[in-house]
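In what follows, every chain begins at residue 1, and chains take the letters A, B, ... in the order their sequences are listed. All of these numbers come straight from a predicted model, not from anything done at the bench.
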Protein chains: 2
Amino acid sequence: MKSDHSSSPLTRDRILAAALELIDRHGVHGFSVRDLARTLGVYPTALYWHVPSRNALIAGAVAHALGELRPPDVEADWRDELRSLFRRYRDAVRRHPHIAQVIGAQLVSNESLSPVLVDRLLALLENAGFRGARLLNAYNVVIAAMVGFVTLELSPLPEDDPVQWAKAHEARLRDVSADDCPTLSRHLPKFADRAFVVRWSSGTERPLDASFEAWVEVVVEGLAVLKDA
Amino acid sequence: MKSDHSSSPLTRDRILAAALELIDRHGVHGFSVRDLARTLGVYPTALYWHVPSRNALIAGAVAHALGELRPPDVEADWRDELRSLFRRYRDAVRRHPHIAQVIGAQLVSNESLSPVLVDRLLALLENAGFRGARLLNAYNVVIAAMVGFVTLELSPLPEDDPVQWAKAHEARLRDVSADDCPTLSRHLPKFADRAFVVRWSSGTERPLDASFEAWVEVVVEGLAVLKDA
DNA sequence: ACCTGAACACCGTTCAAGT
DNA sequence: ACCTGAACACCGTTCAAGT
């Protein structure tokens, strides 16, 4: 399971692959340069010859994880292509859930989406009929939609003491007063641990599949309205 | 400008307010417990009597920043209420841009959205006609939409060396080949620094106002379709 | 109840030195 | 070109001790 990295020689690729593996295991917060060096059987400072900083290591690992993400087919139906792009993206991130927070929340990760993907997405939207300012807006909407939901869905528990935090949050929700929050407490049974804010598990353990599919439809249908507005 | 915190006595509220101020100044990455203690004129360990951990400090500061966020008016038109909720949320986060990454990317921040807000949002959607599983999905869509775009828009530059990173990323984009990426390079003039991935400034300096408004319409219109599907 | 003070086990990154 | 090795300036958190 845990592959052996302590063979020679050190390359940028081997370093990033090992970094991704460590992030998968311990999360971004728990990822340290010194740990990585230990795994690779070198001095921490040896890594600085190949990669400029810890941040660059994380960004590189994320790019490594999203490298496989297939761009849309420019000639096919734009709605179908967007739907499957959204699903492919989600699947790719779910293989490395801890990177979600980095992609959503750090501009560095912009490097992790390939220019080719951007190009094909633009071509797809242009073929669909989006022009000028509408093309720019539609593009931004698609990227935000693709990344946004998954970032939230897979956002990790506090790294300190996840188990205790989950129990505390669950208790806090059960104690919501029916006087102050009548609608929430009425729906709590069906919402508990299945809705943003009203949950104490990450999407890794409890995926929000149905809501994700609804999300995809909302965005696609909304874009159709925007196009013909 | 930089208020004096070194007066007595230490309370949870004073600590969180000071923490928020430090995060505004140095970002989450640059925020340290020891710095905060210096600001407050106490030993670092004194803080641990009031707050359990650094993570709790950050979560508390975020909650402090979003405390003012006004819930929707349950009786009014649901589309208008969603539109203005989205705008209020964005305005609130823009006052403390560095917290965006925490809200989007850490489950802890769930504590920062008040149960009352959740309750009113649910009531609004129920009044609009969403029922059962559709209500759950619509709710998740709204939260993801509210948080998602802004998290991406305000995601910070790499804390190491922002200026140099921005220049490097700009250069990388200008060098995109017209052979591999014909559509992208054709639209680059209009897209440069105004679109996700294709930008090197954060939304703090270069807000994506028009795309945000498009986003709001896409989500609202898409939800209308979901409701009557 | 609330804070001091020392101590523990870490960090990321630099720079000179080796090969 | 690539890595060692020592060193710098930090961290978050614990725990016993003070008041």
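- Listed candidates were D:dG5, D:dC11, D:dT13. Nearest to the side chain of A:Tyr43 is D:dG5.
- Note: NE2 (B:His29) to P (D:dC10) measures 14 Å, nearest angstrom.
- Atom CD of B:Glu170 is separated from atom CG of B:Asp175 by 10.5 Å, given to the nearest 0.5 angstrom.
- More than 12 heavy atoms of other shown residues, nucleotides or ligands fall within 6.0 angstrom of atom CD in A:Glu213.
- With distances taken from any side-chain atom of A:Leu10 to the nucleotides D:dC11, D:dT13, D:dC3, the minimum falls on D:dC3.
- Between A:Pro44 and B:Trp49, it is B:Trp49 whose nearest contact on DNA chain C lies nearer the 5' terminus.
- Put simply, CG on A:Leu47 is 9 Å from P on D:dC3, counting in whole angstrom units.
- Two residues are said to be in side-chain contact when any heavy atoms from C-beta on lie closer than 4.5 Å; A:Leu135 and B:Lys190 fail this criterion.
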Would you tabulate the pairs of protein nitrogen or oxygen atoms and nucleotide nitrogen or oxygen atoms of nucleotides 14-19 of chain C closer than 3.5 angstrom?
none

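- Pair assignment for C:dA7: D:dT13, on the basis of Watson-Crick or G-U wobble contacts that are both within less than 3.5 Å.
- Ionic pairing of B:Arg88 and B:Glu68 is not present here: no N-O contact between side-chain nitrogen and carboxylate oxygen is shorter than 4.0 angstrom.
- Residue B:Arg38 places none of its side-chain N or O atoms closer than 4.0 Å to OP1 or OP2 of D:dC10.
- D:dC11 and C:dA7 are spaced 14 Å apart, taking the C1' atom of each and rounding to whole Å.
- Among D:dT13, C:dT13, C:dT4, the nucleotide with an atom closest to any side-chain atom of A:Ser53 is C:dT13.
- Closest non-hydrogen pair, A:Ala105 versus B:Ala105, comes out as CB-CB, 4.3 Å.
- Within 4.0 Å (heavy atoms only), A:Arg34 reaches at least one base atom of the nucleic acid.
- In this structure, CG of A:Asn55 is placed 16 Å from P of C:dC11, rounded to the nearest angstrom.
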Acceptor/donor pairs from residues 136-145 of chain A side chains to any protein atom, 3.5 angstrom cut, sequence neighbours excluded:
residue: A:Asn137; atom: OD1; partner: B:Ser211; partner atom: N; Å: 3.4
residue: A:Asn137; atom: OD1; partner: B:Ser211; partner atom: OG; Å: 2.7
residue: A:Asn137; atom: ND2; partner: A:Ala133; partner atom: O; Å: 3.4
residue: A:Tyr139; atom: OH; partner: B:Phe196; partner atom: O; Å: 2.8
residue: A:Asn140; atom: OD1; partner: B:Phe196; partner atom: N; Å: 2.9
residue: A:Asn140; atom: ND2; partner: B:Arg194; partner atom: O; Å: 3.3
residue: A:Asn140; atom: ND2; partner: B:Ser211; partner atom: OG; Å: 2.8

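- The shortest distance between the side-chain N/O atoms of A:His50 and the OP1/OP2 oxygens of D:dA1 is not below 4.0 Å.
- The NE2 atom of A:His187 sits 10.0 Å away from the CG atom of B:Asp119 when rounded to the nearest 0.5 Å.
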